[in-house]
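Throughout, numbering of the chain's residues begins at 1 and tracks the sequence. First listed ligand is number 1; within each ligand, the first listed atom is number 1.
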Amino acid sequence: MFEKVALIGIGLIGSSIARAIKEKNLADHIAISTRSQKTLDRAKELGLGDSYNIDPTEVVRDADLVIICAPVGAYEAIGKQIAPHLKTGAILSDVGSVKEHVVKALEPHVPDGVHFIPGHPIAGTENSGPEAGFASLFDGKWCILTPIEGTDQDALHRLRDLWVAFGSDVEILDAKHHDMVLAITSHVPHLIAYNIVGTADHLESVTKSEVIKFSAGGFRDFTRIAASDPEMWRDVFLTNREAVMEMLGRFSEDLSMLQRAVRFGDGEMLEELFTRTRNIRRSIIDAGQETDVPDFGRHVSAVEDESGA
Ligand SMILES: NC(=O)c1ccc[n+]([C@@H]2O[C@H](COP(=O)([O-])OP(=O)(O)OC[C@H]3O[C@@H](n4cnc5c(N)ncnc54)[C@H](O)[C@@H]3O)[C@@H](O)[C@H]2O)c1
Ligand SMILES: O=C(O)C(=O)C[C@]1(C(=O)O)C=C[C@@H](O)C=C1
């Protein structure tokens, strides 16, 4: 599919891409760069690529696909650094959890003749680093692409085909819209998990370790999410502020209503909400995707329609 793919950042997502490309034989050469020599050495030990260089300008040279797989706060500096070294005709993409910021950070630096197509696999775990990845991570999951105006359709198809080869369903969304949807389906849920585990931690001194000791299913599920990478999630909240604030506002209003229902013993209201939310979970499972994007945009075929193919 590609002669040379360059990956900048080789943690959970970068190493999963490297493994999926190798397993499915989708590129002749994988070139890897990352921030620290230690991580680069580990990637080499794991055999994730074909060449390794701490200098990202070296790995992007001659690459026909470059995917930035670092925390989104690092994008602008990476973009500035690699831009003059990108090959004409190359595709520049990424996997960042936020998209409008990524467009703002990278687009001004992209040279003419390079196809910039932001992307976001809706797949992950709470683990990070090159050991954490696995080839099947994207299988059966969504990947959202947020092409900018005037994107070359051939380039878009080539990138879409790569994600389809990983087993993903590809959806095209507008970057701002993506950020609003992901704020409620991913970013606010992470903030809630960080908050509830933090609150329980504060309570530890009061309850003499009983909170963690007796934590059963519900709290444990929150601790999994709250174990997610601190640097990655710091950057998500710093770069998707507006959408997160909007969704947090709505969340707080709904929480106040629930608080009233509990205070005044409004069982009918509680049961009605819990029935509705149970049905949402069931429809997600029935749709066969645990990480679903509800009711937005179009599917893979829509990319073809746009190109007239
Ligand atoms: N973890 C998830 O569930 C998930 C899911 C989808 C998308 N994402 C996005 O994928 C990206 C990577 O996340 P991850 O989970 O793989 O994180 P990770 O912590 O596992 O890996 C990040 C990698 O980026 C490298 N890095 C950091 N700063 C860098 C810099 N300035 N230059 C080059 N490399 C640098 C790190 O050394 C590491 O190799 C993030 O933008 C994140 O928003 C994460
Ligand atoms: O499954 C998890 O652990 C995740 O947090 C994955 C998850 C999500 O919130 O759904 C996290 C961040 C992403 O950008 C995409 C996927």
Q. Any ion pair linking R35 and E231 (charged N to carboxylate O, less than 4.0 Å)?
A. yes
Q.
Counting non-hydrogen protein atoms only, what is the nearest one to atom 16 (O) of ligand 1? Give residue, atom name and distance.
A. I13 N, 2.9 Å
Q) With a 4.0 Å cut-off on heavy atoms, is C69 touching ligand 1? A) yes
Q | Polar side-chain atom of Y194 near backbone of S228 as donor-acceptor pair, under 3.5 Å | A | yes
Q) Can you tell me which residue and heavy atom of the protein come closest to atom 32 (N) of ligand 1, and the distance to 0.1 Å? A) I78 CD1, 3.6 Å
Q. Taking the minimum heavy-atom distance to atom 6 (C) of ligand 1, which of S15, G124, P121 ranks first?
A. P121
Q.
Counting only heavy atoms from other residues, nucleotides and ligands, does the tally under 6.0 Å from NZ of K22 exceed 12?
A. yes
Q. Does ligand 1 have an atom that lies less than 4.0 angstrom from a heavy atom of T125?
A. yes
(Q) Going by the closest heavy atom to atom 3 (O) of ligand 2, which one wins out of K141, H190, R224? (A) R224
(Q) Can you confirm whether V60 sits close enough to I8 that some side-chain heavy atom of one is under 4.5 Å from a side-chain heavy atom of the other? (A) yes
**Q.** Heavy-atom gap S16 to ligand 1 smaller than 4.0 Å
**A.** no
**Q.** T185-ligand 2 polar pair, N/O distance under 3.5 Å
**A.** no
(Q) Out of all atoms in ligand 1, which are within 4.0 Å of some heavy atom of H120? Include the element for each. (A) 6 (C), 7 (C)
Q: Around atom 5 (C) of ligand 1, find the nearest protein heavy atom and jot down its residue, atom name and distance.
A: A123 O, 3.0 Å
Q.
Is the ring pair F237/W233 parallel, tilted or perpendicular, if the boundaries are 30 and 60 degrees?
A. tilted
Q. When you measure from atom 1 (N) of ligand 1 to each heavy atom in N127, I54, L12, which option holds the nearest one?
A. L12
**Q.** Subset of ligand 2 atoms that lie under 4.0 Å from at least one heavy atom of S186
**A.** 8 (C), 9 (O), 11 (C), 12 (C)
Q. Without hydrogens or angle criteria, can the side chains of R19 and S15 be said to hold a donor-acceptor pair below 3.5 Å?
A. yes
Q.
Only heavy atoms of S128, strictly under 4.0 Å: list the atoms of ligand 1 that pass.
A. 18 (P), 19 (O), 20 (O)
Q. For atom 11 (C) of ligand 1, what is the nearest protein heavy atom, given as residue, atom name and distance?
A. A70 O, 3.5 Å
(Q) Please check whether I10 reaches ligand 1 - meaning an N/O of the residue sits under 3.5 Å from an N/O of the ligand, judged on distance alone. (A) yes
Q. Taking the side chain from S93 and the backbone from I117, do they hold a donor-acceptor pair closer than 3.5 Å?
A. yes
(Q) Looking at ligand 2, is there an atom of it that comes within less than 4.0 Å of some heavy atom belonging to H187? (A) no
Q: Could you establish whether W142 and ligand 2 come within less than 4.0 Å of each other, counting only heavy atoms on the residue side?
A: no
Q: Just need the protein heavy atom nearest to atom 42 (C) of ligand 1, so name the residue and atom and give the distance.
A: S97 OG, 3.5 Å
Q. Do any nitrogen or oxygen atoms of G124 come within less than 3.5 Å of a nitrogen or oxygen of ligand 2?
A. yes
(Q) Tell me whether ligand 2 is touched by A123 - counting only heavy atoms on the residue side and a distance under 4.0 Å. (A) yes
Q.
Does either side chain, that of S51 or that of H29, offer a donor lying less than 3.5 Å from an acceptor on the other one?
A. yes
Q) Counting each atom of ligand 1 from 1 as listed, which ones have a heavy atom of V72 under 4.0 Å away? A) 41 (O)
Q) Within the distance-only criterion (no hydrogens, no angle test), does the side chain of D64 pair as donor or acceptor with the backbone N or O of F2 below 3.5 angstrom? A) no
Q | For atom 36 (C) of ligand 1, closest protein heavy-atom neighbour | A | T34 OG1, 3.6 Å
(Q) Out of all atoms in ligand 1, which are within 4.0 Å of some heavy atom of A74? Include the element for each. (A) 31 (N)
Q: Using heavy-atom distances, let me know which of T39, V95, I82 sits nearest atom 7 (C) of ligand 1.
A: V95
(Q) Tell me whether E45 is salt-bridged to R42, with the criterion being a basic N under 4.0 Å from an acidic carboxylate O. (A) yes
Q | Protein heavy-atom partner closest to atom 29 (C) of ligand 1 - residue, atom, separation in Å | A | R35 CB, 3.6 Å
Q: May I ask you to list the atoms of ligand 1 that are less than 4.0 angstrom from any heavy atom of D229?
A: 19 (O)
Q. What are the atoms of ligand 2, with element, lying closer than 4.0 Å to any heavy atom of S97?
A. 13 (C), 14 (O)
Q | Test side chain to side chain contact (heavy atoms under 4.5 Å, CB included) applied to H187 and I192, V181, N240, the passing residue | A | N240
**Q.** In one Ile/Leu/Val/Met/Phe/Trp/Tyr side-chain cluster, 4.5 Å: V197, L255
**A.** yes
Q) Relative to the heavy atoms of H120, which atoms of ligand 2 are at a distance of less than 4.0 Å? A) 13 (C), 14 (O), 15 (C)
Q: Indicate yes or no for a side-chain donor-acceptor contact from D179 to the backbone of K99 under 3.5 Å, with no hydrogens or angles considered.
A: yes
Q) Between the main-chain N or O of F138 and the side-chain N or O of S168, is there a donor-acceptor pair closer than 3.5 Å? A) yes
Q | A135 backbone acceptor or donor facing S16 side chain under 3.5 Å | A | no
Q | Atom indices of ligand 2, in the order listed, that fall short of 4.0 Å to a heavy atom of W233 | A | 11 (C), 12 (C)
Q) Is a side-chain donor or acceptor of D94 paired with a backbone partner of G119 at a separation under 3.5 angstrom? A) yes
Q: List every atom of ligand 1 that sits less than 4.0 Å from any heavy atom of G96, numbering the atoms from 1 in the order shown and giving each element.
A: 41 (O)
Q | Smallest separation among heavy atoms of K4 and R61, with atom names | A | NZ-O, 2.6 Å
Q.
Is it the case that over 12 heavy atoms from other parts of the model lie below 6.0 angstrom from the CD atom of E131?
A. yes
Q. What is the nearest protein non-hydrogen atom to atom 21 (O) of ligand 1, stated with its residue, atom name and distance?
A. G11 CA, 3.1 Å
